[in-house]
Protein chains: 2
Amino acid sequence: MSRSVKSPQLDAFDRKILAILQRDNSTPQRTIGDAVGLSAPAVQRRIKRMAEEGVIQANVAVLDPAALGQSITIFVEVEVISETAKQIEEAKSQFAAAPEIQQCYYVTGEADFVLVIVVPAMADYEALTRRLFFGNNNVKRFRTFVAMDRVKVGLSVPVER
Amino acid sequence: MSRSVKSPQLDAFDRKILAILQRDNSTPQRTIGDAVGLSAPAVQRRIKRMAEEGVIQANVAVLDPAALGQSITIFVEVEVISETAKQIEEAKSQFAAAPEIQQCYYVTGEADFVLVIVVPAMADYEALTRRLFFGNNNVKRFRTFVAMDRVKVGLSVPVER
DNA sequence: GCTCCAACGAAACAAACTTGCAAAAGTACC
DNA sequence: GGTACTTTTGCAAGTTTGTTTCGTTGGAGC
């Protein structure tokens, strides 16, 4: 079977490995090997390949926001006035640069951007709105949703075909 | 200085370590030690402690959804009819159980739930809406936003005080 | 049937993590 | 200010894990 660099086809082994890694990437390769039916070196080579191909984008620790004093999660829909390419790019980079903004999506529909924001207190969110929304005359309006419960949080994607 | 289990005070060392780990948790402890000014064992003990305290909730690999054939990210606001504790809990567990639902927040404001969904194609989303929304008579209405660009995606939280 | 290529596993090797222990640093209490 | 106690540290040894080497196997194409 061919698996060239330019066509990152993932076989059943790869997908099983990914399923384990996206749940716990500190799992020893030996353990992964036993689980999927490969030797540790085979697992290691596949992980390395997938990291190079970009299938595995990062290996990160997930922290508890509350433990770091960032106990408020807020959800914002932003609608802009002018949607020229230049202004959209400007907004994107502005949102991407803010450390409080955990996630930012450019979307279709009634809004143009959707943001997930994490801050220590409402006062910090208020300050952020002044800086980001009221201070930007291309923002038409925005709607705020405060999270009472982070029911499910993660970046896991289904790996089965 | 006391740092009992019940009061997880994080000092400057801890925060620096966390900042590194939430960017790349495959960084060797020796390297982290050099960066923060501690020996490798000291770093290891702090990491272990923070994992036990729950400050570090998980260690995961971040995968590229597109590489797994999950190329569409969708954002949904859900409004329910009845907001009794029982029905809210029911909705939470139903959303949490769906593998396509990557994130789910229970929020205040014009909507009750906000969902981040990842699917291979629009047809899959349509099927999901039928199952989850139209098939649930407590869902009053829902609004869909399709992501054109995942500008910023992650779970990073600011670690500075 | 032969060659070439890709991926594999076993074993050797290297690197990283983990633990025991004694010393240093910080606190509380005289 | 001094002493006892507690906590955390660094070093070094020991263990686990990750990585490379190398010979083998199974297919695809000729």
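No experiment lies behind these values; they were computed from the predicted model shown.
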- Message: Tell me the interatomic distance from B:Phe13, atom CZ, to D:dT7, atom P, rounded to whole angstroms.
- Response: 18 Å

- Task: Under the side-chain hydrogen bond (donor to acceptor under 3.5 Å, both in side chains) rule, collect the residues that match up with A:Glu83, sequence neighbours excluded.
- Result: A:Tyr106

- Message: Measuring to OP1 and OP2 of C:dC8, would you say a side-chain N or O of A:Arg46 lies under 4.0 angstrom away?
- Response: yes

- Between P of D:dT16 and CD1 of A:Ile32, the distance in whole Å: 18 Å

- note: B:Ile17, atom CD1; C:dC17, atom P; distance rounded to Å ~ 12 Å

- Item | Minimum heavy-atom distance between B:Glu160 and A:Gln70, given as atom pair plus value | O-NE2, 4.2 Å

- B:Arg49 CZ - D:dT7 P separation (whole Å): 13 Å

- How long is the line joining CD of B:Gln9 and C1' of C:dG26, in whole Å? 16 Å

Enumerate, atom names and distances included, each donor-acceptor pair closer than 3.5 Å involving a side-chain atom of residues 115-125 of chain A, sequence neighbours excluded.
unit_1: A:Asp124; atom_1: OD2; unit_2: A:Ala121; atom_2: N; d: 3.1
unit_1: A:Tyr125; atom_1: OH; unit_2: A:Thr144; atom_2: OG1; d: 2.6

- Item | Where A:Asn137 and A:Ile81 come nearest, the two heavy atoms and their spacing | O-CD1, 3.4 Å

- B:Asp34 CG to C:dA15 C1', straight-line distance once rounded to whole Å: 15 Å

Between protein and nucleic acid, restricted to nucleotides 18-22 of chain D and to nitrogen or oxygen atoms under 3.5 Å apart, what atom pairs and distances do you find?
unit_1: D:dG18; atom_1: OP2; unit_2: A:Gln29; atom_2: N; d: 2.7
unit_1: D:dT19; atom_1: OP2; unit_2: A:Gln29; atom_2: NE2; d: 3.3
unit_1: D:dT19; atom_1: OP2; unit_2: A:Gln44; atom_2: OE1; d: 2.5

- Query: When you check the gap from the basic side-chain N to the acidic O, do A:Asp11 and A:Arg46 get nearer than 4.0 Å?
  - Reply: yes

- Using a strict 4.0 Å threshold on nitrogen-to-oxygen distance, state whether A:Arg131 and A:Glu126 make a salt bridge. no

